[in-house]
Amino acid sequence: MGSLGTITWAERTQGTLSIGDKLTMIRQEVQRQLVIQWKRVTGKGVMQVERVDLETIVIPDSSLAVASLKVCESLAPPSLFFS
């Protein structure tokens, strides 16, 4: 069984999140936010990014990246994924 977000998981679930998947994602985000806030309070390791230019992001041309894009295109609604 593939972990949440992997190609195996996407093929098995058709990209549909179960209650357990949603809870896992919430837990991961809460943990991430706690780390970010701790770093902000202590002044350690926080880097501010004011703007990200999406045109400068380069998607690797590896077989894994190509396979991942194909899965995303086949499972995601057009409003969430575009190439």
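Keep in mind that this is a model prediction, so the values were computed, not measured.
Note that the CD atom of Gln14 and the OG atom of Ser74 stand 7.5 Å from one another [nearest 0.5 Å]. If you take CH2 on Trp9 and CG on Leu17, they are separated by 4.5 Å, rounding to the nearest 0.5 Å. Here the CD atom belonging to Gln31 is positioned 7.5 Å from the CD atom belonging to Gln28, to the nearest 0.5 angstrom. Rounding to the nearest 0.5 Å gives a distance of 4.0 Å between CZ of Arg32 and CD1 of Ile36.
Val66 pairs by the side chain to side chain contact (heavy atoms under 4.5 Å, CB included) definition with Asp61, Lys70, not counting sequence neighbours. For Gln37, the side chain to side chain contact (heavy atoms under 4.5 Å, CB included) partners two or more places apart in sequence, or in a different chain, are Gln33, Arg40.
Between Pro60 and Ala65, the shortest heavy-atom contact is O-CB, 3.2 Å.
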Requested in this report: Show the numbers, then the answer: is there a side chain to side chain contact (heavy atoms under 4.5 Å, CB included) between Thr16 and Asp21?
Outcome: CA-CA 9 Å; Thr16 301; Asp21 293 336; over 6 Å; no
Requested in this report: Applying side chain to side chain contact (heavy atoms under 4.5 Å, CB included), run through Thr13 and Ser18 and close with a yes or a no.
Outcome: CA-CA 9 Å; Thr13 64; Ser18 68; over 6 Å; no
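When the side chains of ILVMFWY residues are joined at heavy-atom separations under 4.5 Å, either directly or via intervening members, Leu64 and Leu75 end up in a single hydrophobic cluster.
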